[in-house]
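In listed order, ligands and their atoms are each counted from 1.
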Amino acid sequence: MHSPRFSPAADRNKQAILDMLRTVLPPQGLALEIASGTGQHVAWFAQHLPQWTWQPSDATAEGFADIEAHMADLNNVHKPQVLDVMQTRWLDADSRFDAIYCANMLHISPWQTTTALMQGSAAQLVPGGVLLTYGPYLEDALVTAEGNSSFDASLRAQNPAWGIRRLEDVIQVAAQSGLRLAQRHAMPANNLLLVWQRATH
Ligand SMILES: C[S@@+](CC[C@H](N)C(=O)[O-])C[C@H]1O[C@@H](n2cnc3c(N)ncnc32)[C@H](O)[C@@H]1O
């Protein structure tokens with residue numbers, strides 16, 4: 001039996017995110033997770049939101065054995081699929097999702113992935129559907145928390161194309177794709193859960 005990779009951070013924040021998903025999501029639907037990583041988030045959400053069906057994904061298939069191991073007893077999770085947001089074609093181009101969830105990807109990838117996430121999500125959400133992004137952001141009106149400033153510096157030292165995104169910049173590229181920031185929720189450890197909504201028509 002494969003012993004799956006375990007992310008302590010994903011374990012710490014999964015309950016706070018689930019609590020917020022319960023208030024944000026409709027009672028049932030089909031959700032796509034982008035950048036599933038170890039699969040701990042999607043496993044927790046699928047277990048506790050059984051009326052939702054989940055499609056995990058990541059840019060490569062490298063971690064899929066981990067995702068599948070976390071999913072072992074769940075029947076409302078599809079097999080993980082390769083989905084690199086930078087590709088113009090996402091999964092089956094005809095698939096439509098009621099919700100798309102993406103945690104901790106935008107700062108650990110080049111800025112272009114933010115644009116690609118917004119464009120691809122707008123194309124594959126049902127009208128009125130929501131994209132949820134979770135992670136740290138820089139906000140012009142707020143003093144950046146010490147933890148986020150040093151995290152941003154360490155990301156940029158690892159890869160100059162990485163870094164915590166300015167929320168105002170993300171709002172702009174989202175709007176260009178037809179997604180508006182509908183909700184902003186402050187989360188533990190200086191993270192935000194953001195709800196981006198596609199227009200209903
Ligand atoms: C820090 S991990 C976050 C994993 C998980 N979402 C979590 O919060 O624990 C970053 C993830 O982003 C994924 N990623 C990076 N670039 C991507 C891209 N272009 N398309 C899809 N996923 C990408 C990585 O493969 C990795 O799984």
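Between the side chain of N76 and the main chain of Q47, no donor-acceptor pair closer than 3.5 Å is present. Within the 3.5 Å criterion, the main-chain N or O of L106 finds a donor-acceptor partner in the side chain of R165. Looking at W90, its side chain never comes within 3.5 Å of a backbone N or O of A123 through a donor-acceptor pair.
Residue, atom and distance of the protein heavy atom nearest to atom 20 (N) of ligand 1 are V85 N, 3.0 Å. Remark: minimum distance from atom 16 (N) of ligand 1 to any protein heavy atom is reached at S109 CB, 4.0 Å. For atom 12 (O) of ligand 1, the nearest protein heavy atom (residue, atom name, distance) is A35 CB, 3.4 Å.
A salt bridge links E139 to R184: one of the charged nitrogens lies within less than 4.0 Å of a carboxylate oxygen.
Under 4.0 angstrom from ligand 1, the non-hydrogen atoms of L83 all belong to its backbone. Only the side chain of H41 comes within 4.0 Å of ligand 1, judged by heavy-atom distances.
Residue D84 approaches ligand 1 through these ligand atoms, each under 4.0 Å from one of its heavy atoms: 18 (C), 19 (N), 20 (N). Close approach of ligand 1 to A10 (heavy-atom distance below 4.0 Å) involves ligand atoms 9 (O). For ligand 1, the atoms sitting less than 4.0 Å from at least one non-hydrogen atom of I108 are 1 (C), numbered in the order shown with element in parentheses. Taking every non-hydrogen atom of G37 and a distance limit under 4.0 Å, the qualifying atoms of ligand 1 come out as 4 (C), 27 (O).
In this structure, R5 and Q40 approach most closely via the heavy-atom pair O-OE1, 4.0 Å.
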Run the numbers on V195 and T133 for side chain to side chain contact (heavy atoms under 4.5 Å, CB included), then give the verdict.
CA-CA 7 Å; V195 181; T133 60; over 6 Å; no
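Using a 30° and 60° split on the angle between ring planes, F45 and H41 fall in the parallel class, below 30°.
For atom 15 (C) of ligand 1, the nearest non-hydrogen atom from the set M105, M86, Q87 comes from M105. Considering each of D58, I17, N104, the one bringing a non-hydrogen atom nearest atom 22 (N) of ligand 1 is D58.
If you look at F151 and H107, their ring centroids are closer than 6.0 Å.
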